[in-house]
Structure formats: C-alpha cells, structure tokens
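Below is one structure, written out as structure tokens, with a few remarks after it.
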Amino acid sequence: MTDIPEKLTKPYDPASTEARIYKLWEDSGFFNPDNLPERHKEPFTIIMPPPNANGRLHAGHGLTIALEDIMTRYQRMQGKKALWVPGADHAGFETQVVYEKKLEKEGRSRFKMDRQELYNEIMAFTLDSKQHMEADVKALGASCDWSREKFTLDPSVVAEVQETFRKLYRDGLVYRGYRTVNWCTKHQTSLSDVETETAEKSDKLYYIKYGPFTVATVRPETIFGDVAVAVNPNDARYKSFIGQTIEVQHPEGKLSLVVIGDEEVDMEFGTGALKITPAHDHNDFRMSERHNLPRVEVIDQFGKLSEGTGKYEGMKIAEARTKVVEDLQALGLIEKIEDYTHAVPTCYKCATTIEPRVMPQWFVKMAPLAKMAADAVREGKVKFIPDNFEKIFLYWMDNTMDWNISRQIVWGIKIPALVCTGCNNGALDTDHKAGDACPSCGAPLVAESDTFDTWFSSGQWPLLALGYPEKRDLSFYPTDVMETGRDLIFKWIPRMVIFGLYLAKEVPFRTVYLHGMVNDKHGKKMSKSKGNVVSPIELTDKYGADALRIGLVIGNTPGNDIALAEDKIKGYKHFCNKMWNGARFTLSNIGDTTLDTPRPTLTERDEEILRELNVAIESITNHYENFRFHLAGEELYHYFWNTFADTIIEEMKPRLAGDDTASKDAAQWVLLQILAANIKMLHPFIPFVTEELWSLLPKKDSSLLIIEPWPKPF
RNA sequence: GGGCGAUUAGCUCAGUUGGUAGAGCAGCGCUUUUACACAGCGAAGGUCGGGGGUUCGAAUCCCUCAUCGCCCACCA
C-alpha cells in the first residue's frame, strides 16, 4: 500500500471543496482566454444568455450553465482560446413586474411614485439581485470570464443600444407609427406580440340588430366606437349594400355608418356582417386603413369606457358589457346570444386580457430585416440543434409583423427621441431638442419618455457583450455557439441574428443549441403557484454542483424537456464518490508510479485494455464534438463505473498484490493512466471533483486540470 | 385552424448512420471480501402506443390511426 493524501480517506465532500476550487480557478486567470498558455490560439466563444438580475437562478439556468460550461471547458482542454462571456440583464418589463409586486406587498404603487425615484429604487434592487445571481452562477462552477462581464445597463451598452436605434431610424427601418398596440390595462404599457399569450375564454356571442343587418360580436360595449359595417364583396346577401350609409340604433342614440366590402370578412362566421371598431381591434384597424375610416376611442387606458359613451362613461369593460346588453335587449335589438369559446390575447405576466388601443409608438420595420435573417439561415450560416428548430425559425421569419419597441415603463433604456405634441411624429434626439418645432406640424417636440422593449437591447447582446463597436473583442465574433432554452427560438434568437447581420454584417453565432424546459420530477412545468419549484442552488448545496450538472445533462436530449428528480441528482453524487474511491484505490496501489513514468512493458491484456480505452476516448470525443453531451456523459459514467472500477480494478488486484514486479509495474501504470484519462474527460461535466482529484495525482507539474490537454489515444 | 414534439421496464428517460432493447431511481435475493454499503454480486422486469408497408432484418425508414403535451393563429 502506498500512502495516500489524508482527504482521500474520507468520502468526497463537495461542500468543503467547491468554493476552494472555484477560487483556484479564478486566481489562475484561465477563465480569461488572454491568460491561457501560448498553445491556445483558435478562439472558441459562447456568450452567456444574461440571466435576469431580479432574483436567484432557477433550474433552467442550471441546465444552461451546465451545458455552456461543458462546451467551454471541453474546448479549452482541446487547446482553444475559450471565452465564455457572462452577463446580467436588467430585463425591463420582467423586472419592473417583479418590483411592482414587491411594492404592492408594501402597500405602495409605482403610479404614485416619481419616475426617477422609481428608477433608482429598481436599480438598487437590481444591483443587489445581480450579486446573488452571480454568486449562483459561480456556485454552479461556471468557467466564464468575469473580467468581461457586461450588464445591459452599463453606460457603454446603453449608448450603443441608443445608437442602434438612431441608425435604424436613419435607415428607415424604425418609424413612429399610429396604430393598434397590445395594451395591458394593469401594467399600463404596450407589449410586443411575443409578450402576449393566448388564453381560451368562454364568452357570449351577441347577435345585434344593426340597421338592415344583424352582426355577431363578443364586444357589444364597443358599439359606440363603430365606424362601419363590413361585408364580403362576394356575399350575394349583402353586396348590394356596399357603399350605402345605414342607420344603427344603440342605447345612446344613432350611428350613421358606411357599408364597406372587404375580402377579409368571413361569410361563414356569424351573420357574415361585421361591425368595425378600428380603435379597439387589430383587424378592424387594418380595415380602417384600407377604407380610410375614422377611429373612435371608447375605452381608455384603464379599461374603462371613455368620453362619448354617455351613461356608460367610467364603467369597466365587463360592467359596461352587461349594461349595454341589458339596454339593447330592452330596445329589442338583441336577436340572440350564443355561448362562444375563443382565444384572446393576454398579458404574459398578469393574464389580463389585452386591450388593443391605437397609440403612437415606435416600430421596427421587420420585413427586410427578417428576410436577411432567413436568407442567412437558408444559406446554412447558422446551424440549429436539434435541426427541426430551423423550420420554426424560418416560419417565424417568414411571418413577421412590425415590432413595437415602445414600453411605457421607467425601467429600461430610454428611447433617444423626441415626440411631437401635435401630430404623432417623432425625431431623433441628435437632430432636435425639446422645445423645437415639429418638422411636420410645427407643434413643440418633447423628450420621449418611453423605454425600449428589453429584447431590443438583448437582441444585440452578442455584439454588446464583446464590446461592440470599439472592436475590443470582435476577433471572437461571430461566436461559436448560442445555447439557450427552446422557448427563446422566436423571442430572442431571431433578433440576435437580425441585429448581428444588420450591425456587423455577419451572423452572431454559427450554432444554436436549444435545450428543453426543466420540469419537475413528473414532467410538469415548475411554477410558484403549484409549489413544485426546484432550486438548483438547493440541490447544489445538498449534492454538490457536479452531481447537479451531470444529472441535468445525462438523459436529456437537445430540444426535449427534462424531468428533474432529486433522486437522480443523488445518484450522480454517488457517482462522484465512486470516482473518489476509484482514485483512492489507485493511488494507494501504484507505488512510486507517477504520470511521468514512462510506459513500461505491458501485458497483452494491458494492451487490450488500452485499445478499449482508445475506443472509448474516440467515441466520447466524438460525442462532445457533435453536441451529444448526454451520450458523452453516459458513456463516461459507464466506462468509469463498469469498465474501470468493476472490471479493470478487480482484475488488477491480484497483480498488484503479487510478486511479479514487471506485471505489477505495468498494472500500476495502466491504472494511473486510465484514471487520469477519465478525470480529464469527465472534467467538463464534474469540474470540481475532477480538479480536486487531479491535484492529488502524482506528477511533476502542478498545473490545473482546467488547462490540461484533452486525452489522446494510447 | 395550423405547426412541432412525445408515446420504450413500476417512475423519469437514453438508444449517433436500421441488425433480435439500455440507464438512473424504486423494488427483490445474497454479501459487511482491506477503494467505495454514496458499495459489490445475482435475479427479476418491456409483444419498444395500435395497424399497415419497405427490408434478409425496424424501437430505429415510409403511410395511417389513437392518446398526451407544447407552440403559433387578428373568424368578429
């Protein structure tokens, strides 16, 4: 028996190891590619999706960190100049919602606060949350370059985001539009199409006598805003009415409405005649554009009936609907009422039904940009894993609508513009100043108070994170991999491709790796209300970051959801301990053999064992190269446990205890080499325990495992 | 109304280019043998959702049906 280090005599203890090892890595400077040894030349880059700086990491982040760190560590060991840039997202609307909930609990409201005061409070909250978030990322073992960390509200980032807006404006790709937007009456802001969800809703479909027609609607309370009635020009029943003016009665009087013909009207639905309320319906708004119709607002920003609705003024929508229907019934104007289930857009944060409102806002003209992105993908400049996500991406790019980037919230990057108090035009802050006369109508301009949609800044993230445009790190651009949740395939990925192409004339990444959602152990979505949320940090505290990482990755194929069971993580803690004990056995039986000991004469069986190891190395390396980390992990797991520990070690025991010196030397050398190769290949998955074991292996150099070259076949 | 994914051992899931199925956890029996009981050895457990087809051969390719889930959608 050889003497072994004291710590190996006890079971592996992640709690007393991980923080110490992480500090070793940080102190080494190797997270920063500039500090890597000379031989690391070719860059390999991943930009971390910046976690929201408004809370702790959740299980999905755990998977992201695990996968990205696996890639980064693997490539670093392959001799790449590996760079993984961490970041933090101010997460505009998301964070403001989080903070509003906090205010609510304290009995306060953002609407009673001074804008600057609110901003300062959220900033303090965010900076505090950011520290917790970063500590969580470190606890998971992320080998990212903290010296390059960026926050989406860093002054340089803000300046660049604003500059992008100006560039888009000058290029005619951003414009001030006056049209329906998705308005959340609770949060008092407009939202983009990806910030709404559709919810099934049971409503009534009211058939209202409407001049010579009967129209079917779920929103009788908007009747005061009706400006026309539309029929399909091919509808034999109604086409003779087109162009005529009809009289429509309602509880507050009469409307004179024009009858328009529009192909978009579905002859089959309802009665085939449609009341047109351009101010409160996207569809009707577009019709009003085509037919040059006025827009009469009858619902205000709080979801209450507004001026001009007579006795209904001030009522909430639901109440007004009931009253209007009662009154219409009293007038004999309701023909029938049917039950009706349909999908309505809701605010993705509070589930409030979205109220379409016509407002002046800033829009990005998507068609040309989306085409550019779709072309690049079709040309194969971006590869998707799994590849079926390419179809989803392309579908999205082929069906874009203009992107509303105005948010009526304080928490975010200010839109660098002026808006006219008279007409609805806007101007760049570099061309005009507040108080100037509007170039269009002469009315005074005022500073825009709206902020950008968060995705406007995060869409530029790969460039911003690399210090665009001073070009500090643009040698790392385009990056190699963008790894993120599959739910971001349409929210985030397209915007990054678009901005990358628009600003830098090059796609931001070569490969998009999408992981599935991390669900609870029964495969159900985690949510606070269900109480099934599993914290990655709690699991790390309990079983070690290594166990969590490898447990999250093995058994999970790209794009598919994963069920996170605590027992599984526990199982991989056992694996870490198994490694620990395998090392303990090896180190206590190798005599004075070290990693520097030259290859002795081996037995035929030894040669066979090494040939098998070579096959494993090749296969595992291949899995790493092809993003099949779940298979790399599984094969490593089984090689170490079943082949090395259960078979090879058991087989070597008699030789180690025997008197044949040559055979013993050979056995010692083989065991140590296999152990070292396994430690290296497992390092990306379970960096802490492997680094710790590496430090205990007998060898001349005391360099860190993190920069050890990847094993080559024997 | 579209699109996508899933359907494999009790549970959660793997199975890279087709060659008579694997893991983890749970469970069963035995073993405290000086690396490890966070272990070892052994046994058990599946007609790979149904039905067709291609093939010498299919969980794996094609068609179809069913069930579940997710995403998208401006028929009021």
Side-chain angles (χ1 to χ4, degrees), chain A residues 1 4 8-13 180 182 193-194 197-198 203 205-207 215-220 222 230 232 264-277 281-287 340 342-345 354 356 386 388-389 391-392 395-396 399 401 486-487 489-490 516-517 519-525 543-544 547 550-551 554-557 559-589 619 622-623 626-628 630-635 637-638 641-642 645-646 649-650 653 657 671:
Chain A
M1 293 278 281
I4 56 165
L8 269 181
T9 61
K10 297 174 203 136
Y12 174 60
D13 176 36
T180 47
N182 300 306
D193 48 324
V194 296
E197 281 178 359
T198 39
D203 270 317
L205 188 59
Y206 303 94
Y207 287 76
V215 296
T217 179
V218 290
R219 304 202 61 183
T222 62
N232 193 300
E264 211 175 292
V265 179
D266 184 346
M267 291 186 271
E268 308 296 318
F269 189 89
T271 61
L274 176 59
K275 77 184 196 71
I276 301 301
T277 323
D281 187 282
H282 294 293
N283 218 357
D284 293 2
F285 181 84
R286 264 193 301 283
M287 228 169 297
Y340 184 57
H342 63 152
V344 295
I354 292 293
N388 62 302
F389 278 90
K391 264 195 290 187
I392 300 175
Y395 175 82
W396 205 265
N399 294 280
M401 45 181 120
R486 60 140 221 263
D487 53 327
I489 181 65
F490 53 88
M517 304 292 99
N519 295 322
D520 76 2
K521 64 177 171 181
H522 299 296
K524 299 285 175 222
K525 190 173 174 173
Y543 304 108
I550 193 168
I554 289 183
N556 177 228
T557 44
N560 282 326
D561 293 354
I562 179 178
L564 176 54
E566 187 167 332
D567 277 345
K568 186 178 175 190
I569 306 305
K570 188 173 154 193
Y572 287 106
K573 176 178 192 279
H574 295 174
F575 175 66
C576 293
N577 194 52
K578 184 75 182 176
M579 278 203 83
W580 190 253
N581 285 307
R584 182 210 292 205
F585 176 83
T586 304
L587 294 188
S588 21
N589 285 283
S619 166
N622 200 259
H623 288 319
N626 291 290
F627 299 93
R628 296 190 292 258
H630 61 297
L631 295 181
E634 192 166 301
E635 192 163 342
Y637 180 98
H638 287 114
W641 203 312
N642 304 123
D646 292 346
I649 284 184
E650 291 306 322
K653 279 180 180 172
L671 283 182

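Every chain is numbered from 1 and lettered A, B, ... according to where its sequence line falls, protein lines coming before strand lines.
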Discussion item. With heavy-atom distances below 4.5 Å as the criterion, would you say the side chains of A/Phe269 and A/Leu274 are in contact?
Written reply: no
Worksheet item: Using a distance-only test with no angle check, is there a side-chain donor-acceptor pair under 3.5 angstrom linking A/His282 and A/Thr180?
Response: yes
Worksheet item: NA contact type, A/Met579, heavy-atom cut-off 4.0 Å: base, sugar-phosphate, or nothing?
Response: nothing
Discussion item. Please give me the minimum heavy-atom distance between A/Tyr543 and A/Glu566, naming the atom from each residue.
Written reply: OH-OE2, 2.6 Å
Discussion item. Is any side-chain heavy atom of A/Asp281 closer than 4.5 Å to one of A/Ile276?
Written reply: no
Item to complete: State, to 0.1 Å, how close A/Cys576 and A/Ala547 come at their nearest heavy-atom pair, and which atoms those are.
Response: SG-N, 4.2 Å
Discussion item. What contact category does A/Arg486 fall into here, base, sugar-phosphate, or nothing, at under 4.0 angstrom with non-hydrogen atoms?
Written reply: sugar-phosphate
Discussion item. Once you apply a heavy-atom cut-off of 4.0 Å, does A/Gly272 come out as touching a base, just sugar-phosphate, or nothing?
Written reply: base
Item to complete: Give the minimum heavy-atom separation between A/Arg219 and A/Thr222, together with the two atoms involved.
Response: O-OG1, 2.8 Å
Got a list of protein N/O to nucleotides 58-63 of chain B N/O distances below 3.5 Å?
none

Worksheet item: Once you round it to whole Å, what is the distance between C1' of B/C74 and CD1 of A/Ile276?
Response: 12 Å
Worksheet item: For A/Lys524 and B/A6, what is the distance between atoms NZ and C1' respectively, to the nearest whole Å?
Response: 13 Å
Worksheet item: What is the per-nucleotide protein-contact pattern of nucleotides 36-46 of chain B, from the 5' end, where B denotes a base atom under 4.0 Å from a protein heavy atom, S denotes such proximity for sugar-phosphate atoms only, and - denotes neither?
Response: B-BSSS-----
Fill in: Whole angstrom value for the distance that separates P of B/G22 from NE2 of A/His638
11 Å
Practice prompt. Please measure how far the P atom in B/U12 lies from the corresponding atom in B/G18, and state the result in whole Å.
Written response: 30 Å
Discussion item. Taking side chain to side chain donor-acceptor pair (under 3.5 Å) as the definition, give me every residue that meets it alongside A/Glu268, ordered by chain and number, with sequence neighbours left out.
Written reply: none
For nucleotides 13-17 of chain B, print each protein N/O atom paired with a nucleotide N/O atom at under 3.5 Å, atom names and distance only.
| from | atom 1 | to | atom 2 | distance (Å) |
| --- | --- | --- | --- | --- |
| B/C13 | O3' | A/Gly555 | O | 3.4 |
| B/C13 | O2' | A/Gly555 | O | 2.7 |
| B/A14 | OP1 | A/Thr557 | OG1 | 2.8 |
| B/A14 | O5' | A/Gly555 | O | 3.2 |
| B/G15 | OP1 | A/His630 | NE2 | 3.0 |
| B/U16 | O2 | A/Arg628 | NH2 | 3.2 |

Discussion item. Between A/Tyr572 and A/Tyr637, is the ring centroid distance below 6.0 Å?
Written reply: yes
Worksheet item: What distance, rounded to whole Å, do you find between the two P atoms, one in B/C4 and one in B/G10?
Response: 31 Å
Worksheet item: Are any side-chain N or O atoms of A/Asn626 and backbone N or O atoms of A/Arg628, one a donor and one an acceptor, separated by less than 3.5 Å?
Response: no
Worksheet entry | Shortest non-hydrogen contact from A/Asn519 toward A/Lys524 | CB-O, 3.2 Å
Worksheet item: Taking CD1 from A/Ile392 and P from B/G3, how many angstroms apart are they, rounded to a whole number?
Response: 13 Å
Discussion item. Please classify the nucleic acid contact of A/Trp396 as base, sugar-phosphate, or nothing, using heavy-atom distances under 4.0 Å.
Written reply: sugar-phosphate
Item to complete: Identify whether any heavy atom of A/Ala583 sits under 4.0 Å from a base atom; if not, whether one sits that close to sugar-phosphate; answer base, sugar-phosphate or nothing.
Response: nothing
Worksheet item: How long is the line joining CG of A/Asn232 and P of B/A76, in whole Å?
Response: 16 Å
Response to the item:
RNA chain B in dot-bracket form (Watson-Crick or G-U pairs under 3.5 Å, [ ] crossing, | inter-strand) is (((((((..((((........))))..((((.......))))......(((((.......))))))))))))....
Worksheet item: Between A/Asp561 and A/Arg486, is the closest basic N to carboxylate O distance under 4.0 Å?
Response: yes
Worksheet item: By side chain to side chain donor-acceptor pair (under 3.5 Å), which residues pair with A/Asn577, not counting sequence neighbours?
Response: none
Worksheet item: Does the pair A/Ile554 and A/Phe575 meet the rule for a side-chain contact (heavy atoms from CB on, under 4.5 Å), with working shown?
Response: CA-CA 13 Å; A/Ile554 289 183; A/Phe575 175 66; over 6 Å; no
Worksheet item: Is the phosphate of B/G3, meaning OP1 or OP2, less than 4.0 Å from a side-chain N or O of A/Lys391?
Response: no
Worksheet entry | C1'-based separation of B/U54 from B/U64 [nearest Å] | 15 Å
Worksheet item: Taking atom C1' of B/C68 as reference, at what distance in whole Å does atom CG of A/Asn519 sit?
Response: 14 Å
Fill in: Whole-Å P distance, B/G27 and B/G15
27 Å
Worksheet item: With a non-hydrogen cut-off below 4.0 angstrom, is A/Tyr572 in contact with a base, only sugar-phosphate, or nothing?
Response: nothing
Worksheet item: A/Phe389 near the nucleic acid: base, sugar-phosphate alone, or nothing, with a heavy-atom cut-off under 4.0 Å?
Response: nothing
Worksheet item: With a 4.5 Å limit on heavy-atom distance, are the side chains of A/Phe585 and A/Lys653 in contact?
Response: yes
Item to complete: Starting from P on B/G24, measure out to CG on A/Asp567 and report it in whole angstrom.
Response: 13 Å
Discussion item. Taking the C1' atom in each of B/G46 and B/A14, what is the distance between them to the nearest angstrom?
Written reply: 15 Å
Worksheet item: Is A/Glu268 touching bases, backbone alone, or none of the nucleic acid, heavy atoms closer than 4.0 Å?
Response: nothing
Worksheet item: In whole Å, what is the span from the CG atom of A/Leu8 to the C1' atom of B/U34?
Response: 16 Å
Worksheet entry | Base of B/C74 paired with side chain of A/Asn283 (donor-acceptor, under 3.5 Å) | yes
Practice prompt. Write down the distance separating the C1' atoms in B/A9 and B/G22, rounded off to the nearest Å.
Written response: 10 Å
Item to complete: Considering only atom C1', compute the distance from B/A43 to B/C30 and round it to an integer number of Å.
Response: 10 Å
Item to complete: Measure the shortest side-chain to side-chain distance between A/Ile392 and A/Tyr395 over non-hydrogen atoms and say whether it is less than 4.5 angstrom.
Response: no
Worksheet item: Using the P atom in both, what is the distance from B/C65 to B/G29, to the nearest Å?
Response: 48 Å
